[in-house]
Participant: 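Input: one structure, supplied below.
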Protein chains: 2
Amino acid sequence: MTETANHPVTTSQKTIRILETIFRKNGGTLTELASELGMNKSTTHNHLSTLVDEELVVRDGAEYRLGLRLLELGGYARNQHTLYQQALPEIERLADQTGEIANLVVEEHGHAVYLACEAGAQAVNIEVYPGLRRPLQVTAAGKAILASLPAERIDEIIDRHGLPAKTSNSITTRDELTECLAEVRDRGIAFDDGEHIDGLRCVGAPIHDDDGDILGAVSVSGPASRMTDDRFYDEFPSIVNSTLNVIELNINQNAP
Amino acid sequence: MTETANHPVTTSQKTIRILETIFRKNGGTLTELASELGMNKSTTHNHLSTLVDEELVVRDGAEYRLGLRLLELGGYARNQHTLYQQALPEIERLADQTGEIANLVVEEHGHAVYLACEAGAQAVNIEVYPGLRRPLQVTAAGKAILASLPAERIDEIIDRHGLPAKTSNSITTRDELTECLAEVRDRGIAFDDGEHIDGLRCVGAPIHDDDGDILGAVSVSGPASRMTDDRFYDEFPSIVNSTLNVIELNINQNAP
DNA sequence: ACACCCGTTCCATTCGGCAAAACGATCTTC
DNA sequence: GAAGATCGTTTTGCCGAATGGAACGGGTGT
């Protein structure tokens, strides 16, 4: 299932690695990228000029940067998720209502991927943007999704990505995770108490269709200073829950 | 400047063409894509499994679709535009104020690229999304940008992309365009009166930094039924203009 | 004016991308 | 339930093309 390609196209892999490197380093010159990748300058040059030709990369003097063509493709990838179209207005409302950051998350390739993140009035400016990927088990939304997946799928994902620790609170063993997910299934709500970023608390809930299949998750995150225990454990879970109900209603109405 | 690469990496071009085709056809099976591209099945298969490996493509049964990894890269490409960060709140306000669709547009590779498009209360649902590209000369925002570019750059762009007609109102000759851009420079406002989509009217204005360099454009679009002449020629231009002033103030304050 | 750094071009080698065909799996049809 | 069609996967050999070394050119800064 999650096995790697038998005959990968190595040339294309190189091109993709270049894109990734530009992404990681936030742009760079030809020689920078070539040495970073351990590739010859002329090879890198050929790849880069191809990418510029195809408009996936923009050249600004000596600097190469990611081009907006990627946004066209990525924006389209997002739009094809009907969940996005159905849930976006509710996510915006959730952000307004809480004043914090409200997120819509789906699972892809074993990652938690943010489809939307709307900032409320007093939202703290953490670097979160549509398309961002994080490990599933360190986010509230990701845990909500994991809790709705069959055990063998969870094993697959752990085999592929492991359980990397982000803070001292992170879950790092399969046993801890199993226990945690059982609680999530009980409550219908997942928590992240500084497991990804110290001092950041997060409340999430899974979104199901009427067949009971998991579609994604909705979550709200804010700093512990404003996320007092009563808001974290009572108020926000109930707000998230009512948002969830509206979203599931929308989905099941529009897809009979 | 706008010349094509001397030694393009043809293998990577093929991979990119596959991505484009999936984009255009909104997904497809292996054999569909192979015949569409005139490529052998095994070749297409190798490329596709590489793309899935790299998480740029998602496989859902027999269907291949664009993956959200592209949204990660594209979202990042958008975030690196400081204009986006500075102008987004004003675009949202503009959408609220007018009830129509408010857009933030930049030029890249000779296209008008939508960085943001926020829907107001009564916005008509035209298919516009972040990352969408359109010819510059058929949109109000694009004309605003063109009007601020040096003539030789405009010639380059026309050489590369031509002046494709979208409706019977579209500008199709260099002379018409020159005349139109002169008016835009006079007024500081650009109009699109059904030049891209019949019955769609659009008001745009160019965003400059304090050096006078063009950064992008802001625009509002709505159906002619609501965009009566007085709103189209008076009310909306003045609203767009005041939005523009706030954005330019933000930019020049935060980048001294 | 000189030197350094970075991007570009040229060329030979060899690696790997490509197509044709055979195989396997899944779903439909009689 | 068997036969056939259709689609994805694998195998294999050949030729193209991606690669890296080295030389060239162009800009900038001291």
Side-chain angles (χ1 to χ4, degrees), chain A residues 1-22 24-67 109 152 156, chain B residues 1-22 24-67 109 152-153 156 211:
Chain A
M1 193 78 219
T2 328
E3 68 231 1
T4 166
N6 289 11
H7 294 282
V9 184
T10 57
T11 308
S12 299
Q13 283 182 325
K14 261 169 215 158
T15 294
I16 295 169
R17 272 179 52 212
I18 291 179
L19 284 177
E20 282 172 26
T21 307
I22 297 177
R24 272 191 307 109
K25 313 277 280 185
N26 191 19
T29 68
L30 187 149
T31 32
E32 270 173 27
L33 296 171
S35 74
E36 177 78 17
L37 289 160
M39 292 167 50
N40 192 288
K41 272 201 301 177
S42 76
T43 305
T44 311
H45 173 256
N46 287 340
H47 279 266
L48 280 172
S49 41
T50 305
L51 283 168
V52 172
D53 257 27
E54 300 291 338
E55 306 187 351
L56 295 185
V57 164
V58 180
R59 183 172 171 181
D60 180 19
E63 280 270 320
Y64 291 91
R65 302 186 165 280
L66 295 182
H109 288 290
E152 59 266 23
E156 267 180 26
Chain B
M1 192 78 218
T2 328
E3 68 232 359
T4 165
N6 289 13
H7 293 282
V9 184
T10 57
T11 308
S12 300
Q13 283 181 324
K14 258 170 217 158
T15 292
I16 296 169
R17 273 177 54 211
I18 290 179
L19 285 177
E20 282 171 26
T21 308
I22 297 177
R24 272 191 308 108
K25 312 280 281 186
N26 191 19
T29 68
L30 187 148
T31 32
E32 269 173 28
L33 295 170
S35 75
E36 177 78 17
L37 289 159
M39 292 167 50
N40 191 287
K41 272 200 302 175
S42 76
T43 305
T44 311
H45 174 255
N46 286 340
H47 279 266
L48 280 172
S49 42
T50 305
L51 284 168
V52 172
D53 256 27
E54 300 291 337
E55 307 188 350
L56 295 184
V57 164
V58 180
R59 183 173 171 181
D60 180 19
E63 280 270 320
Y64 291 91
R65 302 187 163 279
L66 295 182
H109 288 291
E152 58 267 22
R153 187 72 218 288
E156 268 180 26
D211 295 335

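Letters go in sequence order (proteins before strands), and every chain restarts at 1.
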Participant: Need one value for B:Lys14: base, sugar-phosphate or nothing, where a base atom within 4.0 Å counts as base even if backbone is also close, heavy atoms only.
Facilitator: sugar-phosphate

Participant: Can you measure A:Gln13 atom CD to C:dG17 atom C1' for me and round it to whole angstrom units?
Facilitator: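 In whole Å, C:dG17 C1' lies 13 Å from A:Gln13 CD.
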
Participant: Rounded to whole Å, how long is the line connecting atom CG of A:Leu48 with atom P of C:dT9?
Facilitator: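 From A:Leu48 CG to C:dT9 P: 14 Å.
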
Participant: Could you state the atom-to-atom distance from CZ of A:Arg17 to C1' of D:dA18 in whole Å?
Facilitator: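 My rounded result for the distance is 14 Å.
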
Participant: Looking at A:His47, I'd like to know whether one of its side-chain N or O atoms comes within less than 4.0 Å of OP1 or OP2 on D:dT19.
Facilitator: yes

Participant: Output the single nucleotide from C:dG7, D:dA18, C:dG17 whose closest atom is nearest the side chain of B:Thr10.
Facilitator: D:dA18

Participant: Mind calculating the distance between CG (A:Leu30) and P (D:dG27) to the nearest angstrom?
Facilitator: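 From A:Leu30 CG to D:dG27 P: 17 Å.
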
Participant: Check each of A:Thr15, A:Asn46, A:Thr50 against B:Ser12 using the side chain to side chain donor-acceptor pair (under 3.5 Å) test, and report the only one that passes.
Facilitator: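 Going through the options one by one, the only one that passes is A:Thr15.
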
Participant: Whole angstroms only, please: what is the CD-P distance between B:Glu63 and D:dC7?
Facilitator: 12 Å

Participant: Give a yes/no on whether any side-chain N or O of A:Thr43 is located under 4.0 angstrom from OP1 or OP2 of D:dA18.
Facilitator: no

Participant: In whole angstrom, what separates A:Asn46's CG from D:dA17's C1'?
Facilitator: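 Rounded to the whole Å, the gap is 11 Å.
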
Participant: So, is B:Thr29 close to the D:dC7 phosphate, meaning a side-chain N or O under 4.0 Å from OP1 or OP2?
Facilitator: no

Participant: Start at the 5' end of DNA chain C and walk down; is the nucleotide closest to A:Ala62 or to B:Met39 reached first?
Facilitator: A:Ala62

Participant: Tell me whether A:His109 contacts the main-chain N or O of B:Val57 through its side chain, where contact means a donor paired with an acceptor under 3.5 Å.
Facilitator: yes

Participant: Select from A:Tyr64 and A:Ser12 the residue whose nearest nucleotide in DNA chain C is closer to the 5' end of that strand.
Facilitator: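 With A:Tyr64 and A:Ser12 compared, the 5'-side residue is A:Tyr64.
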
Participant: What's the CD-C1' distance between A:Glu32 and C:dG7, to the nearest Å?
Facilitator: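 Nearest whole value for this atom pair: 13 Å.
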
Participant: Think B:His45 has a side-chain N or O under 4.0 angstrom from the OP1 or OP2 of D:dG8?
Facilitator: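 No, outside the criterion.
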
Participant: With distance as the sole test, does B:Arg59 use its side chain to make a donor-acceptor pair with the main-chain N or O of B:Gly61 at under 3.5 Å?
Facilitator: yes

Participant: For a quick check of understanding: with a heavy-atom distance under 4.0 Å over all strands, which category does A:Ser42 fall into, base, sugar-phosphate or nothing?
Facilitator: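 Base contact.
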
Participant: Tell me: CG of A:Asn40 to P of C:dC6, nearest whole Å?
Facilitator: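 After rounding, the gap between these two atoms is 15 Å.
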
Participant: Do B:Arg153 and B:Glu156 sit within salt-bridge range, that is, some charged N less than 4.0 Å from a carboxylate O?
Facilitator: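 Salt bridge flag = yes for B:Glu156 with B:Arg153.
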
Participant: Give, for atom CD1 of B:Ile18 and atom CG of B:Leu56, the distance between the pair rounded to the nearest 0.5 Å.
Facilitator: 11.5 Å

Participant: Let's see if you can work this out: which of C:dC18, D:dG8, D:dT19 has an atom nearest to the side-chain heavy atoms of B:Thr11?
Facilitator: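 Per side-chain heavy atoms of B:Thr11, the pick is C:dC18.
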
Participant: Just to confirm, is there a sub-4.0 Å distance from OP1 or OP2 of D:dT9 to any side-chain nitrogen or oxygen of B:Arg59?
Facilitator: yes

Participant: Looking only at N and O atoms, is any donor in the side chain of A:Lys41 or the base of C:dG7 less than 3.5 Å from an acceptor on the other one?
Facilitator: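 Yes.
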
